[in-house]
Amino acid sequence: MPGIWETHMTFSQRSRALFKAIAVVLALALPTALAISSADARVGGGMSSGSRGSRTYSAPPSTTTAPGSTSQFNRTYTQPGAGMNSAAAAPARGGLFGRAGGFMGGLAAGFLGAGLLGMLFGGGLFGGLGGLSSIIGLIIQIALVVLVVRLAMSWWQRRHTPQTAYANADAGAAPGPQTNYRSGLGGGGLGGGLGGFGFGANNAPLEIKPDDYEAFERLLGEVQTAWSNEDVAKLHTLATPEMVSYFEQDLGQNRARNVVNKVTNVKLLQGDLAEAWREGETEYATVALRFALTDKTLDRNSGAIVAGSEQPGEATEVWTFARRPNGSWELSAIQQTN
């Protein structure tokens, strides 16, 4: 019965190879899952979300509060286009799996992927092409490699955002870091006036006044409160429709996990203006914020803490606010600092 034995051995070899391929996918997907699960649960989910008008793909200038760089947006409705930074808008090139490889790049990646899985099958670098009995097997191999590469690239970009994407940002259109001065109007914190905000030389094209800083500080607290109360209607009055859509997604994920995130004791510790500008009728202001908070996630049924703690912590984020004529400032974007 040699035919049966050969068939059985071939099936066993392919089964082992399939398990190896699945192991590779899981090994590369695990860091991504861990990165997501360990992300801050506060409003925005510890990610960079939203839009900054035509400056969405340009880095905000560093400030005293946030002297480092900011992360690229993980979620944004704004697409690279005319009027935006050309280096950021251009598809990324270079590297083995460059996005702009076109047909030949995709074909080469497919053949390379087949070769890599061919090695897993034990047939050498190109064994994956010759050892398959049908084109379906080749398609499955390529699909697996594409999945692995996308997961790896997504995790790497999220954890190691390159500053080169911002290298050609128009630095002349915005002010540099501002010196932080305590105004003494209330001693800082929410409801404490402008005590946390810095006042340096405001060279932005749009003038930001004390009332605007008070609005930014107030929004910091009100957004966190509405988020903790899962009050979507209130969030619609505090943030742009885009940001509310992200909040609703995150709240839906919390409900699916049967948990609720509570952010309390929010107090502005330090803040300063990164840049402010006007696009048509819309005004934008990007502000660096360092604030104290208590961030905890509770089980909806028992109220037990499943993430975070009762201990206060600190966070530094860069928030962008937008305002239409005769309107109020709304949260337009949240960016994480590196």
Side-chain angles (χ1 to χ4, degrees), residues 34-50 62-71 74 159 180-198 213-231 234-235 238-239 243 246-247 250-251 253-255 257-274 286-321 331 333-338:
L34 291 176
I36 294 174
S37 62
S38 62
D40 297 299
R42 63 181 180 272
V43 62
M47 293 190 291
S48 296
S49 307
S62 60
T63 70
T64 303
T65 302
S69 61
T70 56
S71 299
N74 306 109
R159 305 303 295 178
N180 182 61
Y181 297 106
R182 294 282 179 176
S183 66
L185 300 180
L190 296 172
L194 308 177
F197 274 101
Y213 288 105
E214 289 182 345
F216 302 154
E217 186 174 354
R218 184 175 61 254
L219 282 168
L220 172 66
E222 291 181 351
V223 168
Q224 303 284 4
T225 300
W227 160 265
S228 299
N229 295 334
E230 299 185 329
D231 190 345
K234 180 64 175 179
L235 287 170
L238 305 173
M243 289 300 292
Y246 300 140
F247 296 156
D250 297 339
L251 291 173
Q253 292 176 1
N254 285 347
R255 285 190 290 269
R257 294 164 48 210
N258 198 38
V259 298
V260 58
N261 179 238
K262 295 292 185 180
V263 179
T264 57
N265 303 321
V266 179
K267 180 180 181 181
L268 179 66
L269 302 176
Q270 183 179 354
D272 47 15
L273 178 69
T286 296
V287 180
L289 303 169
R290 182 172 66 88
F291 53 96
L293 76 166
T294 301
D295 185 358
K296 58 186 178 182
T297 301
L298 310 175
D299 182 272
R300 288 180 181 271
N301 296 330
S302 66
I305 298 178
V306 297
S309 70
E310 295 283 1
Q311 297 299 318
E314 287 187 13
T316 300
E317 295 177 331
V318 177
W319 286 30
T320 296
F321 302 93
L331 176 62
I334 297 177
Q335 288 177 272
Q336 304 304 312
T337 57
N338 296 323

Working to the nearest 0.5 angstrom, can you tell me the gap between [X] [atom1] and [Y] [atom2]?
X: Gln311; Y: Thr294; atom1: CD; atom2: OG1; result: 8.0 Å
X: Leu331; Y: Met243; atom1: CG; atom2: CE; result: 4.5 Å
X: Leu220; Y: Phe291; atom1: CG; atom2: CZ; result: 5.5 Å

Under the salt bridge (charged side-chain N to carboxylate O under 4.0 Å, His left out) rule, what do Arg42 and Glu314 come out as? Steps first, then yes or no, please. CA-CA 12 Å; Arg42 63 181 180 272; Glu314 287 187 13; over 6 Å; no
Describe, in one word, how the ring planes of Phe216 and Tyr213 are oriented to each other, choosing from parallel (under 30°), tilted (30 to 60°) and perpendicular (over 60°).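 The rings of Phe216 and Tyr213 stand perpendicular, inter-plane angle above 60°.
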Any side-chain heavy-atom pair from [X] and [Y] closer than 4.5 angstrom?
X: Lys262; Y: Leu298; result: yes
X: Thr65; Y: Leu289; result: no
X: Asp299; Y: Asn258; result: yes
X: Tyr246; Y: Met47; result: no
X: Ser69; Y: Asn338; result: yes
X: Gln336; Y: Thr70; result: no
X: Val260; Y: Asn254; result: no
X: Leu219; Y: Leu238; result: yes

What heavy-atom pair brings Gly44 and Ser49 nearest, and what distance separates the two atoms?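 That closest heavy-atom pairing would be O-OG, 4.5 Å.
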Can you name the closest pair of heavy atoms from Pro67 and Ser62 and give their distance?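 The answer is O-CB, 3.4 Å.
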Mind checking what makes side chain to side chain contact (heavy atoms under 4.5 Å, CB included) contact with Thr225, not counting sequence neighbours?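 Checked Thr225 against side chain to side chain contact (heavy atoms under 4.5 Å, CB included); matches are Asn229.
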Any residue meeting side chain to side chain contact (heavy atoms under 4.5 Å, CB included) with Gln253, in chain and number order, not counting sequence neighbours: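 With sequence neighbours excluded, Gln253 shows a side chain to side chain contact (heavy atoms under 4.5 Å, CB included) to Asp250, given in chain and number order.
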After noting the C-alpha distance and the side-chain angles of Asn261 and Asp295, does the key distance pass the side-chain hydrogen bond (donor to acceptor under 3.5 Å, both in side chains) rule? CA-CA 7 Å; Asn261 179 238; Asp295 185 358; 2.8 Å; yes
Is the side chain of Gln335 donor-acceptor paired with the backbone N or O of Ser71 at a distance under 3.5 Å, no angle test?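 Here the side-chain-to-backbone pair exists.
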Pair Gln270, Thr64 - check side chain to side chain contact (heavy atoms under 4.5 Å, CB included), show working. CA-CA 9 Å; Gln270 183 179 354; Thr64 303; 3.6 Å; yes
Option from Leu268, Thr337, Thr316, Asp272 for which side-chain contact (heavy atoms from CB on, under 4.5 Å) with Arg290 holds: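 It is Thr316; the other options fail the test.
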Before giving the answer on side chain to side chain contact (heavy atoms under 4.5 Å, CB included), spell out for Phe247 and Leu235 the whole-Å C-alpha distance, their side-chain angles and the decisive distance to 0.1 Å. CA-CA 8 Å; Phe247 296 156; Leu235 287 170; 3.9 Å; yes
